[in-house]
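Reading through the structure tokens given below for one structure.
Note that the numbering runs from 1 along the sequence shown for the chain.
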Amino acid sequence: MIRVLVAEDQSAVRAGLVLILRSAPDIEVAGEAADGEQAVALARELRPDLVLMDVQMPRLDGVSATRRIVAERLADVLVLTTFDLDEYVFGALRAGASGFLLKNAEARELLEAVRTVARGEGLISPAVTRRLIAEFAARPAREPAADPSVLDRLTRREREVLSCLGEGLSNAGIAERLEMAEATVKTHVSRLLGKLELRSRVQAAVLAQELRI
């Protein structure tokens with residue numbers, strides 16, 4: 001059973017999300033939050049598997065709430081947004097969200113997104129990844145938000161895997177690209193996340209783009 005905390009300030013939207021989630025036999029709604037502060041407090045209290053987080057909420061925005069929840073390792077975070085790749089989404093992904101989904105997604109897409117993130121795979125589809133990369137490429141050159149020296153912690157192979165993550169490749173795609181077993185890819189991903197102190201492969205993809213590797 002996947003335990004989900006729903007954080008959304010609009011009561012009608014929140015009720016709709018809860019209704020969809022409760023329709024799935026493998027998903028349980030552990031709690032509901034109407035703002036970011038409440039989301040963090042309930043995540044601490046309930047320890048859900050996943051927080052479905054609206055990025056724009058009162059008292060504490062979804063990006064800040066995501067950062068706290070991820071930093072305390074309380075749960076994985078799946079961000080919900082009305083808008084596509086805006087600064088809130090970038091902020092949430094940098095903060096460690098495992099992926100994001102548009103609010104107008106179909107019910108089945110929402111349920112599959114929850115299951116995907118709960119499996120620890122992270123949710124950032126190839127199409128979304130391409131837009132994410134395009135957005136970074138379109139931005140004027142600037143100082144990277146991350147210190148490039150963090151890459152010194154990685155082996156050559158781990159850097160290659162990180163670069164592939166930045167392209168949005170799946171484990172199977174990385175295995176094919178680098179001609180290695182998929183199980184080996186999983187090991188490299190796990191190790192590089194640990195070395196870089198990252199929570200998710202999405203966070204790693206954002207880092208790869210910021211450092212332009």
Side-chain angles (χ1 to χ4, degrees), residues 1-125 128 190 193-194 196-206:
M1 187 68 74
I2 304 167
R3 300 176 67 251
V4 180
L5 169 63
V6 180
E8 164 63 61
D9 64 311
Q10 297 180 51
S11 58
V13 176
R14 189 170 67 250
L17 293 170
V18 168
L19 194 65
I20 292 170
L21 293 172
R22 284 184 174 153
S23 72
D26 58 334
I27 296 173
E28 173 192 338
V29 177
E32 301 177 38
D35 59 60
E37 289 282 6
Q38 191 178 18
V40 174
L42 285 177
R44 287 172 179 152
E45 177 187 341
L46 302 172
R47 295 301 174 109
D49 299 304
L50 183 147
V51 179
L52 196 57
M53 179 82 73
D54 181 17
V55 289
Q56 292 177 288
M57 288 190 295
R59 294 184 67 201
L60 184 70
D61 65 83
V63 175
S64 299
T66 294
R67 186 173 293 109
R68 291 188 191 179
I69 289 169
V70 170
E72 294 181 34
R73 298 189 176 276
L74 301 175
D76 289 320
V77 178
L78 176 60
V79 168
L80 281 172
T81 178
T82 305
F83 309 103
D84 210 341
L85 285 168
D86 60 9
E87 283 302 319
Y88 287 100
V89 173
F90 279 116
L93 293 175
R94 289 192 195 100
S98 295
F100 80 96
L101 196 67
L102 294 177
K103 286 186 181 180
N104 62 2
E106 297 289 333
R108 61 175 179 75
E109 292 178 299
L110 172 62
L111 296 177
E112 189 51 42
V114 167
R115 293 178 182 122
T116 300
V117 171
R119 287 196 300 266
E121 295 180 15
L123 184 86
I124 183 161
S125 70
V128 168
S190 177
L193 290 179
L196 297 174
E197 299 178 3
L198 300 178
R199 172 75 172 177
S200 70
R201 57 193 294 138
V202 176
Q203 207 175 12
V206 172

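- Contact record, L101 with A113: CD2-CB, 4.0 Å, taken as the closest heavy-atom pair.
- With contacts defined as side-chain heavy-atom distances shorter than 4.5 Å, the pair L74/R47 qualifies.
- Judged purely by atom type and a 3.5 angstrom limit, E8 uses its side chain to pair as donor or acceptor with the backbone of Q10.
- The shortest non-hydrogen separation linking L42 to A33 is CD1-CB, 4.1 Å.
- Here the closest non-hydrogen pair linking V79 and A97 is CG2-CB, 3.6 Å.
- Between P25 and M1, the shortest heavy-atom distance links the atoms O-CE, 3.4 Å.
- The CD1 atom of I20 sits 10.5 Å away from the CD atom of E109 when rounded to the nearest 0.5 Å.
- Inter-residue side-chain proximity for L80 and V13 is flagged as unmet; no heavy-atom pair is nearer than 4.5 Å.
- Side-chain N or O atoms of D35 include none that pairs as donor or acceptor with a backbone N or O of M57 at under 3.5 Å.
- A salt bridge is defined here as a Lys NZ or Arg NE, NH1 or NH2 lying under 4.0 Å from an Asp or Glu carboxylate O, and D54 with R14 fails to meet this definition.
- Using a distance-only test at 3.5 Å, with no hydrogens or angles considered, no donor-acceptor pair links the side chain of R115 to the main chain of D26.
- Within the 4.5 Å cutoff, side-chain heavy atoms of L111 are placed close to those of L21.
- Nearest approach of L193 to A204, heavy atoms of both residues: CD2-CB, 3.9 Å.
- Checking each of V18, L17, V4, L19 against V29 for a side-chain contact (heavy atoms from CB on, under 4.5 Å) leaves exactly one that passes, namely V18.
- Taking the side chain as every heavy atom from C-beta outward, I69 and V40 approach each other to under 4.5 Å.
- Atom CD of E32 is separated from atom OG of S11 by 10.0 Å, given to the nearest 0.5 angstrom.
- Of all the heavy atoms in V51 and A43, the pair that sits closest is CG2-CB, 4.5 Å.
- For R68 and E37, the salt-bridge test passes: some basic side-chain N is under 4.0 Å from an acidic carboxylate O.
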